[in-house]
Amino acid sequence: MRTFAQDTVNNVGETVTLKGWVNSRRDHGGLIFIDVRDHTGVAQLAIRPEQAEAFARGEQLRDEFVISATGTVVEREEGLRNPNIATGGVEVKVDALTILNRSEPLPIQVMGETMANEDLRLKYRYLDLRRPKMQDMLKKRADMYQRMRAYMDAHEFTEITTPILANSSPEGARDFLIPSRLQAGKFYALPQAPQQFKQLLMVGGVPRYYQLAACFRDEDPRSDRLYGEFYQLDLEMAFAEDGEEVRAVVEPLIKQLATDFAGKKLLSEDIPRIPYLEAMERYGSDKPDLRYEMELTELTEELKNTEFGVFKNALKEGGVIKAIAVPCRHHMFSRKEIDEFTEIAKKEGAGGLPSVTYEAGGFRGGIAKFLSSAESATLEQKLQLDAGEDYGIFFASDNRRVANKVLGKLRAYLADRQELKDPNVIALAWIVDFPFYETDEKTGKLDFGHNPFSMPKGGLAALKREDKTAIIADQYDMVMNGYEICSGGVRNHNPEILYKVFDVLGFDKAYVDERFGAMISAFKYGAPPHAGCAFGVDRMLMELTGESNVREVVAFPKNGSGVDVMMNSPSTVDVAQTDELNLRIIEH
RNA sequence: GGGCUCGUAGUGAAGUCGGCCUAUCACGCCUCCCUGUCACGGAGGAGAUCGCCGGUUCGAAUCCGGUCGGGCCCGCCA
């Protein structure tokens with residue numbers, strides 16, 4: 001009868017068989033200790049020369065050999081116990097030992113503190129996954145899936161799988177294309193999201209749909225963005241005409257994941273709704289981390305009579321002056337540090353980074369000499385400076401968009417640097433009211449701000465407004481600790497309004513019919529209003545488990561170049577295969 | 001596509017403003033010893049053309065140019 005490592009404590013006096021990997025071997029010449037590891041932990045085997053056959057095999061064991069050991073569980077004597085491991089009070093006196101498989105010396109270390117670089121870990125992911133931390137991660141992901149399914153089922157959502165072989169979508173990310181054999185010269189595409197299918201399910205009479213959906217996008221990855229494939233908790237609700245209906249349904253699930261599942265504290269039970277423009281003004285970002293304050297403070301009015309040339313020029317050109325006050329905590333920012341921050345500001349489009357320090361209740365250095373005593377007093381009050389604390393104060397004077405962007409970037413960077421993020425706290429927020437259309441900074445042309453299929457607030461009438469950039473999309477993102485974890489919207493189920501949405505950008509009916517034929521035609525046959533959203537499962541799991549790289553929460557991720565270094569994919573294929581698909585590979 | 005950064009035994013690091021490097025340390029590996037260890041211990045040993053190519057120099061892991069690979073960021077991600 002097989003017993004697991006952690007169960008040995010409950011089997012004192014009994015004969016057990018442990019199967020697992022050799023975690024470590026301590027050969028004393030006349031006595032061999034083996035720590036055998038399985039998915040439950042490690043247990044100590046003691047092999048004595050009296051069991052000659054087992055002892056001889058014990059001498060051959062090396063790290064990561066796979067063994068089966070049978071023997072009696074005995075209580076360890078006083079002084080021989082190891083309080084550091086769960087099974088440290090017992091050991092197995094081995095009678096018989098079988099080597100089930102041998103192992104060559106490992107290319108990466110499974111046990112111990114040194115960890116190989118990521119490239120090697122990914123190449124030998126099957127070894128990397130043996131590490132308890134990775135085992136734990138796999139279990140956590142499964143646990144999260146269970147909780148999501150249980151919650152969605154309990155709220156009368158029906159899980160429906162939608163096609164993986166889908167169609168190329170002209171909007172959005174780059175597609176993965178799949179050549180069709182039966183339809184020569186045509187292509188499927190892997191879905192970037194089940195967006196159109198789930199909306200068609202609404203037309204199909206499904207009241208509430210959800211899916212743990214695989215999504216595919218061929219875009220360059222980031223530390224919080226996987227290459228290629230990722231998972232979303234995708235959901236949609238028929239007859240929801242107000243985004244609040246969706247938000248109210250999903251909020252308890254996310255809170256439960258943050259607390260019960262991740263064991264963290266919520267910054268607040270009430271999840272704020274922050275309009276996009278307000279988020280940009282206060283945080284310089286549409287995905288602000290609310291665990292720390294450091295809000296952007298506008299000082300345009302307060303400094304309108306400034307003597308400082310840079311500010312004067314900005315104001316003359318209709319710009320704004322904004323600032324953030326950064327608590328110093330340990331020591332005042334050095335010249336070198338401020339230079340470093342300046343580089344960041346410049347990268348975001350700032351000309352420089354005017355600054356001043358606030359020490360011992362007064363402004364010093366930097367632009368301090370340009371501040372009148374009246375201005376100093378106003379700044380102190382507007383920036384809510386605490387005389388007992390020292391601050392570095394950083395300014396942006398530019399057009400509103402750039403000023404917000406610069407300080408927003410700096411706010412996030414400095415919060416990290418100053419360790420203002422509490423890892424045990426989850427701060428949630430809904431960012432709402434995204435602009436439907438935006439002007440492209442470079443071309444000056446009008447384009448969709450986000451998702452063309454969401455409902456413009458105010459419907460058809462709103463679309464006829466003169467200032468198109470003032471049209472608001474009924475769209476909402478959920479932000480968790482500075483990461484966008486969910487995006488959703490009230491969908492546009494009205495063909496007339498949908499045509500108009502594209503008409504604003506100069507696309508005619510034929511364009512819409514050609515590209516979104518199934519959807520626009522379905523909407524003509526009694527489409528119910530509907531709204532929904534989709535949560536990024538991987539990113540959420542990353543933040544909830546305190547990882548800073550999303551690849552850490554995926555069993556077999558691709559690297560930054562889109563390569564699976566373990567399987568060596570993508571790879572070339574036989575000419576016979578490409579011939580069958582009517583494809584010709586052009587050598588580069 | 002662009003910027004920054006890293007590349008040294010199987011693994012992780014040190015050395016990187018030219019010579020004390022015949023390249024250091026730890027883990028791992030091999031041989032021998034060891035009956036109470038638990039990251040066992042002890043003695044000994046093997047293992048690196050310093051990512052690759054070229055250049056400068058009396059001399060290059062170290063400087064320069066190129067190239068390949070990784071990571072982070074920008075663009076991109078409706």
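Scope of the values below: all heavy atoms of this structure, side chains included, with no hydrogens, waters or symmetry mates. Here the structure is a predicted model, which means the values were calculated and not measured.
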Charged N to carboxylate O under 4.0 angstrom, [X] versus [Y]?
{"X": "Glu547(A)", "Y": "Lys133(A)", "answer": "yes"}
{"X": "Arg26(A)", "Y": "Asp35(A)", "answer": "yes"}
{"X": "Arg217(A)", "Y": "Glu229(A)", "answer": "no"}
{"X": "Asp416(A)", "Y": "Lys421(A)", "answer": "yes"}
{"X": "Arg417(A)", "Y": "Glu337(A)", "answer": "yes"}
{"X": "Glu496(A)", "Y": "Lys500(A)", "answer": "no"}

Margin query: Looking at C40(B) and His28(A): do their rings stack (centroid distance under 5.5 Å, interplanar angle under 30°)?
Written below: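 Base of C40(B): stacked against His28(A).
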
Determine the interatomic distance between [atom1] on [N] and the same-named atom on [M]; round to the nearest Å.
{"N": "A61(B)", "M": "C73(B)", "atom1": "P", "result": "34 Å"}
{"N": "C27(B)", "M": "A43(B)", "atom1": "P", "result": "12 Å"}
{"N": "C64(B)", "M": "U57(B)", "atom1": "C1'", "result": "12 Å"}
{"N": "G54(B)", "M": "A39(B)", "atom1": "C1'", "result": "46 Å"}
{"N": "C34(B)", "M": "G41(B)", "atom1": "C1'", "result": "8 Å"}
{"N": "A9(B)", "M": "C50(B)", "atom1": "C1'", "result": "10 Å"}
{"N": "G51(B)", "M": "U8(B)", "atom1": "C1'", "result": "10 Å"}
{"N": "A60(B)", "M": "G55(B)", "atom1": "P", "result": "12 Å"}

Of the nucleotides [options], which one has an atom closest to the side chain of [X]?
{"X": "Asp35(A)", "options": "G71(B), C77(B), C38(B)", "result": "C38(B)"}
{"X": "Leu31(A)", "options": "C38(B), G71(B), U35(B)", "result": "U35(B)"}
{"X": "Pro105(A)", "options": "C74(B), U35(B), C29(B)", "result": "C29(B)"}
{"X": "Glu219(A)", "options": "G70(B), G12(B), C76(B)", "result": "C76(B)"}
{"X": "Gln109(A)", "options": "C73(B), C38(B), C27(B)", "result": "C27(B)"}
{"X": "Arg222(A)", "options": "C76(B), C77(B), G71(B)", "result": "C76(B)"}

Considering every strand and a 4.0 Å limit on heavy-atom distances, what is the contact class for [X]: base, sugar-phosphate, or nothing?
{"X": "Ser24(A)", "answer": "sugar-phosphate"}
{"X": "Pro107(A)", "answer": "sugar-phosphate"}
{"X": "Asp220(A)", "answer": "base"}
{"X": "Ile108(A)", "answer": "nothing"}
{"X": "Glu118(A)", "answer": "sugar-phosphate"}
{"X": "Asp447(A)", "answer": "nothing"}
{"X": "Glu91(A)", "answer": "base"}
{"X": "Asn84(A)", "answer": "nothing"}
{"X": "Glu104(A)", "answer": "nothing"}

Next item on the list: Tell me whether the guanidinium CZ or amine NZ of Lys198(A) lies under 6.0 angstrom from the six-membered ring centre of Tyr209(A) and within 45° of its axis.
Entry: no

Notebook entry, point to check: Within 45° of the ring axis of Tyr476(A) and under 6.0 Å from its six-membered ring centre, is that where the NZ or CZ of Arg247(A) lies?
Noted result: yes

Check: Pick the nucleotide of RNA chain B nearest each of Arg539(A) and Asn549(A); which residue has the one closer to the 5' end?
Finding: Asn549(A)

Next item on the list: Using the closest heavy atom to pick a nucleotide of RNA chain B for each, name whichever of Phe448(A) or Lys409(A) lands nearer the 5' end.
Entry: Lys409(A)

Notebook entry, point to check: Does atom NZ of Lys93(A) have more than 12 heavy-atom neighbours from other groups under 6.0 Å away?
Noted result: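 Incorrect, the count does not exceed 12.
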
Note to self: Taking atom CD as the centre, does Glu53(A) end up with more than 12 heavy-atom neighbours from other residues, nucleotides or ligands that are less than 6.0 angstrom away?
What the structure shows: no

Checklist line | Spacing between Asp27(A) atom CG and C38(B) atom C1', to the nearest angstrom | finding: 14 Å

Check: Does any N or O in the side chain of Arg539(A) come within less than 3.5 Å of the main-chain N or O of Leu226(A), such that one atom is a donor and the other an acceptor?
Finding: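 No, because the side chain of Arg539(A) does not come within donor-acceptor range (under 3.5 Å) of the backbone of Leu226(A).
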
For [N], which nucleotide is its Watson-Crick or G-U wobble mate, given both distances must be under 3.5 Å?
{"N": "A60(B)", "result": "none"}
{"N": "G10(B)", "result": "C27(B)"}
{"N": "G75(B)", "result": "none"}
{"N": "C32(B)", "result": "G42(B)"}

Look at the side-chain N and O atoms of [X] and state whether any lies under 4.0 Å from the OP1 or OP2 oxygen of [N].
{"X": "Arg26(A)", "N": "C40(B)", "answer": "yes"}
{"X": "Ser223(A)", "N": "C73(B)", "answer": "yes"}
{"X": "Asn117(A)", "N": "G70(B)", "answer": "no"}

Next item on the list: Would you sort out whether Glu64(A) and Arg37(A) count as a salt bridge (charged side-chain N to carboxylate O under 4.0 Å, His left out), showing the intermediate values?
Entry: CA-CA 9 Å; Glu64(A) 299 304 307; Arg37(A) 183 190 74 243; 2.9 Å; yes

Item checked: Under 3.5 Å donor-acceptor pair, Arg81(A) side-chain atoms to C38(B) base atoms ->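 Check fails, no donor-acceptor contact within cut-off.
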
Notebook entry, point to check: Per the atom types in the model, does the base of C77(B) pair as donor or acceptor with the side chain of Arg217(A) at under 3.5 Å?
Noted result: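 No, the side chain and the base share no sub-3.5 Å donor-acceptor pair.
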
Item checked: Stretch residues 119-128 of chain A: residues that reach within less than 4.0 Å of RNA chain B through a heavy atom ->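 Those residues are Asp119(A), Leu120(A).
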
Margin query: Just to be sure I understand the geometry, which residues of residues 53-79 of chain A put a non-hydrogen atom under 4.0 Å away from RNA chain B?
Written below: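 Close to the strand are Arg62(A), Arg76(A).
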
Check: Asp128(A) and side-chain hydrogen bond (donor to acceptor under 3.5 Å, both in side chains): which partner among Gln109(A), Lys123(A), Arg121(A)?
Finding: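 Of the listed residues Gln109(A), Lys123(A), Arg121(A), the side-chain hydrogen bond (donor to acceptor under 3.5 Å, both in side chains) partner of Asp128(A) is Arg121(A).
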
